[in-house]
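As structure tokens, the structure follows; a few thoughts come after it.
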Amino acid sequence: MELFGSSGIRGVALRYLTPELVLDIAKAAGTTWDAERVAVARDTRTTGELFANAAASGLAAVGCDVDRLGVVPTPAVGNYCESTGVPCVLVTASHNPPEFNGVKLVGDDGVELSVDVLERVERRVLDDDYDLADWRDAGTETRVEGAVDDYVDQLVAAVDDESIADAGLTVAVDPGHGAASVSSPRIYRELGCDVLTVNATPDGHFPGRESEPVPENLTALSRLVATSDADVGIAHDGDADRAVFVDETGAVVDGDTSFAALADDALEPGDAVVSAVNVSQRLVDVCDDNDAALELTPIGATNIITRTRELDDERTWVPIAGEGNGGVFFPPYRLSRDGAYIGAKFLELLAAADGAPASEVVAPYADYHFVRVNVEYDGGDEREDMLAAARAYVETADATPNTTDGYRLDYGDAWVLVRPSGTEPKIRIYAESADADRAERLAEEMRQAVESGR
């Protein structure tokens, strides 16, 4: 797709992402949906209102009445869409820096659109093909109150609130000044936890930290947990569809580690997990231990959603899916990422651990070594030569390659992946094993193969 990536469209606001483009996307989405009503929502970014106005105008222009939800987390949008049967144009750039903004399209079932529907929307934008309304049939606008309240209520009802409350947990929450500022602290208080907060005021400048919940951005949360004797810290990105954890010592828990721990709790023999092609060895091992299948997709939430839907159509049970960046799906709950729900499921693990701290709960999934190497190239010809060299190496390897997105070689106890970056002139190499030397060696051998194609 030219416009939509693996999770919507994003770019620097008023440079790549313009009001005109958002207007056209909204007209195309409204035409494709052919819905009487469509919601518009946004995160806390400073350009959010501007783009939400453009989206509302585009929808009204094709005859859709518009429900304006205001600032709400992405999972609250999913709840609103599912409960009302209304799709949504959501203005958010998720974990990207404050100068970015973007658009996600959420269907009337509360799930981001699948690849085939996004392609139809994109084709209308590229062809300038919209069903514009007559002036007498232009849509009207309604301000909707209570979307966050409804979301909080349904989430609390969807988890084991009694066991969490009985555990007497102290939880430190870092919404990163994003949309979860209006919901997550409240959710964990209603679950019976003592809640501390940092970076919890809505502010689209993200003054306390960058939006992406990676270790270098979570120093304030780590310090809060360590100095307050909290049991766990929970951090979100800008639209609150991710959750990353900090253990009781203040150490950030790797997203692949928490994903594996949650999967181990969710899986039964015969189940399946859907993840991206850069999936961690720790999840591979959890699937093996539980006699569960692992389905790999190209990187990105849209691809994971599409494959999970396909498996559901095939009557294959998928209790958990996602990536190791904190973005985990629990499809029986909803086929969308919900940072606060992910956090609540982790609290269930702590509550069931009979007083064991978070560091012990994740310890069985933490002892793995991950390597990432980038090899830069100068132009398209060099890129193709380097990928050809990688392909030749893969074809001679003592493992069957997975070509879903690049080339992944699985050796049972370790894996290596090579794929071109979608945003930079780089070939990315990933390797992982419980044996650090083995991971380093696999990455180095692949790097040498790629560079032989220069």
Point to revise | Arg282 with Asp256: basic N within carboxylate O range, under 4.0 Å | key: no
Review point. Taking NZ, NE, NH1 and NH2 as the nitrogens, is one of them in Arg120 or Glu122 under 4.0 Å from a carboxylate oxygen of the other?
Key: no
Check your understanding: What's the spacing between Gln281 CD and Asp285 CG if we round to 0.5 Å?
Key -> 4.5 Å
Practice item. Inspect the surroundings of CD in Glu145 and state if more than 12 heavy atoms from other residues, nucleotides or ligands are less than 6.0 Å away. Key: no
Review point. Would Asp109 and Arg309 count as a salt bridge (Lys or Arg N to Asp or Glu O under 4.0 Å) if you check the C-alpha gap in whole Å, the side-chain angles of each, and the deciding distance to 0.1 Å?
Key: CA-CA 12 Å; Asp109 56 356; Arg309 279 176 157 157; 2.7 Å; yes
Review point. Do the two ring centres, one from Tyr341 and one from Phe330, sit under 6.0 Å apart?
Key: yes
Exercise for review: Before accepting this row, confirm whether a basic side-chain N of the pair Asp405/Arg419 lies closer than 4.0 Å to the acidic partner's carboxylate O.
Suggested key: yes
Exercise for review: Check step by step if salt bridge (Lys or Arg N to Asp or Glu O under 4.0 Å) holds for Asp174 and Arg209.
Suggested key: CA-CA 10 Å; Asp174 181 355; Arg209 67 166 171 88; 2.8 Å; yes
Check your understanding: Can a salt bridge be assigned to the pair Asp410 and Arg408 using a cut-off of 4.0 Å between side-chain N and carboxylate O?
Key -> yes
Review point. Do Asp241 and Thr74 have side-chain atoms, one donor and one acceptor, less than 3.5 Å apart?
Key: no
**Study point:** Asp24/Lys27 salt bridge by N-O under 4.0 Å criterion
**Key:** yes
Review point. Between the side chains of Thr142 and Asp67, does any donor sit under 3.5 Å from an acceptor?
Key: no
Review point. Do Tyr377 and Glu451 meet the criterion of a side-chain donor-acceptor pair at a distance under 3.5 Å?
Key: no
Check your understanding: Judged by modelled atom types alone, do Asp237 and Ser211 share a side-chain donor-acceptor pair under 3.5 Å?
Key -> no
**Study point:** Glu310 with Arg315: basic N within carboxylate O range, under 4.0 Å
**Key:** no
Point to revise | SB check Glu99 Arg45 (cutoff 4.0 Å) | key: no
Check your understanding: Are Arg242 and His236 close enough that a side-chain donor and a side-chain acceptor fall under 3.5 Å?
Key -> no
